[in-house]
Amino acid sequence: MPKAPRMLRLGRPTVRLRVTFGVMAFVLSLFAGRLVLLQGVDPDSYAQAATRENTKPFTLYATRGSITDRNGVELAVSEDAVAITADPTQTKPVAQQLASILTPKLTGTTYAKLVAAMSGKGRFAYLAHQVPPTTWSAIQAEIKTANATITQQNKGKPQDQAAPLLAGLYTEDDPIRSHPNGSIAATVVGVTGADGKGLSGLEYGLNDKLSGHDGKAMYEVDTKGNKIPNANHTVDEPKPGVGVQLTLDTDLQFFAEKRIEQAVKQYKASSGTVIVEDVKSGELLAMANYPTFDPNKPYKSSDLNNPALERTYEPGSVQKVATMAALADANLIDLNTKLRVPGSIDVQRRTIKDHWDHGPMNLTIAGVVAKSSNVGTIMAAQQMPIAEFVKYLHNFGFGQPTGLDFPGESSGRLMGGDEWPEITRSNVAFGQGLSVNAVQMASAVNAVANGGVYVPPKLVRNYVDANGTVIPNQTAAPHRVVSEKAAKEVATMMEAVTAKKGTAPQAAIDGYLVAGKTGTAQEVDSACSCYRKWATSFAGFAPADNPRFVTYVVLHDPSDGVRGGGLQGGPVFRDVMSYALQKYVVPPTGAKQPNVPITW
């Protein structure tokens, strides 16, 4: 008997309903638990996470402090500029078209680099820094024109066949450093790099003060990375940098730079420097170097040094000013001192001569200075114990920093200790065997002009904060090196240098009493590590009987014309000092050249 067909049995509806409700209850409990977690347990953290996903940080660049001269003339200032950035998620499809627009207008990059940056991963890339607003406006205008053409070409095309518009470029504030007066004081002020930080000079040395502190802003952005207007944002305001007011006088600096440039070219020297220092305050009114450079134009890294402080050399006979002041202070010489000076002198089996051939001469100590006799200087210096002589040299500032804290400054070289061999003392007495920088030498002469008191040189006059508050720059205290009497005696000796029978009548200034000293020293040629180059110099002050300014001129390796500090440095001194006296309305004292015997 055939079996009856099997019938499909339906489940019991009660069981099915229970299983369905159980599953639904479980799912609903998961949603409920998540809701409680979001709204009750830790709502802030999730809100912050959501905000982070939709916010973007923007750097708020601090305004860099300006650098001005003593009268507020701007030497380095920050001007508006932008950094151009890209969102590669937007620029990738149109990277080549954008690069074609950007490349001719941007420096320091290439078409290939721009395409690579705009086609990369992520949502942010820098394309260029410190772009002038006019350049960015030109870029925007060209993009706008290109997009108008693309829009016209897309008319009537299906959406999937339309060419994409040029988009995805943005900007950030990125101030550019400019130098309104071009090359004036460029080697002193220095430059900044692409990152806005100092690379050389005072821009580097005072970077922490000048740069301030950047701020930061967090803005909500849309899916394309654009700021959402009026959306929530937080701002940490930037703190502007401190302004720096220098002691330099732009007019005098410019004149000194042009005059030393003329002398370097005239005598075919490798370089030259002029320092002008205010006698009483030690403020440096000019620190001129040639060659120099214009920081607004392309320059080489080798242009960025400041020879007035970074280059050292043997000063030659200008050093005799310090030697004679020390001897006068120790009462070992005075204006009545008379010496029988031979044509040469032997010191530790070495023969030292004067720069001109002569037999025995009857010279007063003023004559030794006026004629710049090495032999006579050595004879006078041998009276002083070496340790005492070394102490005087240190008090004049030799062998140690000037206190200007200028980056790269050299302290010069002065043999350590005070147990020198006699030959070292003899060489140093007339300006060989030690090295100085130009500011050191000028400040040592300034101590004599200032009645025997050494005033530390000063380059930064004031700091000025963002509120305009002026903060004077403090320097080390002055100290007495020699007596006022000794300084006056040496000044009188120096007055004989610019007289008709002295070594530098070219440095005389009509109507003014001028004290000065020539210098001619051998320099080491690094090519052979031997003496075969020269430095010629002249230092002096005026009015000699009531000094206002010290001016120091040095020319390195002059190769044309008759070599000599008076012939080559004297005229530069005369012109720069005359300009300073006239600008600051320093009247002649009416004093006449003293009749100081130089022979007996």
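Side chains of E489 and I333 form no contact here, defined as non-hydrogen atoms less than 4.5 Å apart. Annotation: side chain of I386 is not in contact with side chain of P421 (no heavy-atom distance under 4.5 Å). Counting heavy atoms from C-beta on, the side chains of K517 and V445 never come closer than 4.5 Å. The side-chain heavy atoms of V321 and V490, taken from C-beta on, include a pair separated by under 4.5 Å. You'll find the side chain of Y392 stays beyond 4.5 Å of the side chain of T323, heavy atoms only. Looking only at side-chain heavy atoms (C-beta outward), P543 and L581 come within less than 4.5 Å of each other. When side chains are defined from C-beta on, Q253 does not count as touching N181, because their heavy atoms never get closer than 4.5 Å. Side-chain contact check for L567 versus Q506: some heavy-atom pair is nearer than 4.5 Å.
In this structure a side-chain-to-backbone donor-acceptor pair under 3.5 Å is present from N427 to I423. No donor-acceptor pair under 3.5 Å is formed between the side chain of N374 and the backbone N or O of T377. Between the side chain of W600 and the main chain of L339, a donor-acceptor pair closer than 3.5 Å is present. A donor-acceptor pair under 3.5 Å links the side-chain atoms of D69 to the main chain of T250, judged by distance alone. Panel note: side chain T247, backbone K458; a donor-acceptor pair is recorded below 3.5 Å. Distance alone, capped at 3.5 Å, is enough to place a donor-acceptor pair between the D278 side chain and the K280 backbone. Within the 3.5 Å criterion, the main-chain N or O of T351 finds no donor-acceptor partner in the side chain of S344. Within the 3.5 Å criterion, the main-chain N or O of E495 finds a donor-acceptor partner in the side chain of T498. Under the 3.5 Å distance criterion, the side-chain polar atoms of R425 are matched with a main-chain donor or acceptor of M384. Under a 3.5 Å cut-off, the side chain of D329 and the backbone N or O of S483 do form a donor-acceptor pair.
We find that E388 and K391 are not joined by a salt bridge, their nearest charged nitrogen and carboxylate oxygen being 4.0 Å or further apart. Ion pair K583/D249 flagged as a salt bridge, since at least one NZ, NE, NH1 or NH2 atom sits closer than 4.0 Å to an Asp/Glu carboxylate oxygen. Ionic pairing of K488 and E484 is not present here: no N-O contact between side-chain nitrogen and carboxylate oxygen is shorter than 4.0 angstrom.
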TODO: Walk me through it: do K297 and S183 pass the test side-chain hydrogen bond (donor to acceptor under 3.5 Å, both in side chains)?
DONE: CA-CA 10 Å; K297 299 177 181 179; S183 62; over 6 Å; no
Open item on the list: Before you tell me yes or no, could you show the steps for L252 and Y579 under side-chain contact (heavy atoms from CB on, under 4.5 Å), namely the whole-Å CA-CA distance, both residues' side-chain angles and the distance that decides it to 0.1 Å?
Closed with: CA-CA 7 Å; L252 182 55; Y579 186 95; 3.5 Å; yes
TODO: Could you check N207 against R64 for side-chain hydrogen bond (donor to acceptor under 3.5 Å, both in side chains), going step by step and ending with a plain yes or no?
DONE: CA-CA 9 Å; N207 186 70; R64 190 172 180 85; 3.0 Å; yes
- [ ] Step by step, work out the side-chain contact (heavy atoms from CB on, under 4.5 Å) result for Y290 and V274.
- [x] CA-CA 9 Å; Y290 187 81; V274 177; over 6 Å; no
TODO: Apply the test side-chain contact (heavy atoms from CB on, under 4.5 Å) to residues K209 and V244: give CA-CA distance (whole Å), side-chain angles for both, the deciding distance (0.1 Å), then the verdict.
DONE: CA-CA 9 Å; K209 289 182 179 293; V244 177; 5.5 Å; no
Task: side-chain hydrogen bond (donor to acceptor under 3.5 Å, both in side chains) between R340 and N362, intermediate numbers included - done: CA-CA 5 Å; R340 178 77 168 168; N362 295 330; 2.8 Å; yes
Open item on the list: Assess the residue pair Y552 and N446 against the criterion (side-chain contact (heavy atoms from CB on, under 4.5 Å)); give the C-alpha distance rounded to whole Å, side-chain angles, the decisive distance to 0.1 Å, and a yes or no.
Closed with: CA-CA 10 Å; Y552 178 54; N446 193 77; over 6 Å; no
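Rounded to the nearest 0.5 Å, atoms CZ (F254) and CD (E257) are 8.0 Å apart. Separation of atoms CG (L555) and OG1 (T536) is listed at 4.5 Å; rounding is to 0.5 Å. The OG atom of S271 sits 10.0 Å away from the OH atom of Y313 when rounded to the nearest 0.5 Å. Rounded to the nearest 0.5 angstrom, E277 CD and L459 CG are separated by 11.0 Å. Atom OG1 of residue T192 and atom CD of residue E203 lie 5.5 Å apart, to the nearest 0.5 angstrom. The distance from the CZ atom of F430 to the CD1 atom of I378 is 5.0 Å, given to the nearest 0.5 Å.
The side chain to side chain contact (heavy atoms under 4.5 Å, CB included) with L285 is formed by just one residue from the set T551, L246, V276; it is V276.
Heavy-atom neighbours of D334 CG from other residues, nucleotides or ligands within 6.0 Å: above the threshold of 12. Applying the 6.0 Å contact sphere to CG of D346 captures more than 12 heavy atoms from other residues, nucleotides or ligands. At most 12 heavy atoms of other shown residues, nucleotides or ligands fall within 6.0 angstrom of atom CD in E419. Annotation: Y204, atom OH; neighbour count of heavy atoms from other residues, nucleotides and ligands within 6.0 Å does not exceed 12. More than 12 heavy atoms of other residues, nucleotides or ligands sit less than 6.0 Å from atom CG of N71.
Residues V553 and F573 share a closest heavy-atom pair of CG2-N, 3.8 Å. Between P505 and G502, the shortest heavy-atom contact is CD-O, 3.6 Å. Here the closest non-hydrogen pair linking Q593 and L513 is CA-CD1, 3.6 Å. For the pair M361 and W356, the tightest heavy-atom approach, listed with the atom from each and the gap, is SD-CZ2, 3.7 Å. Across all their heavy atoms, A380 and I365 have their closest contact at CB-CD1, 4.1 Å. Looking at every heavy atom in both residues, P342 comes nearest to H358 through O-CE1, 3.1 Å.
With 3.5 Å as the limit, one finds a donor-acceptor pair spanning the side chains of E409 and T402. There is a side-chain donor-acceptor pair under 3.5 Å between T273 and N289. For N546 and T589, the side-chain atoms include no donor-acceptor pair closer than 3.5 Å.
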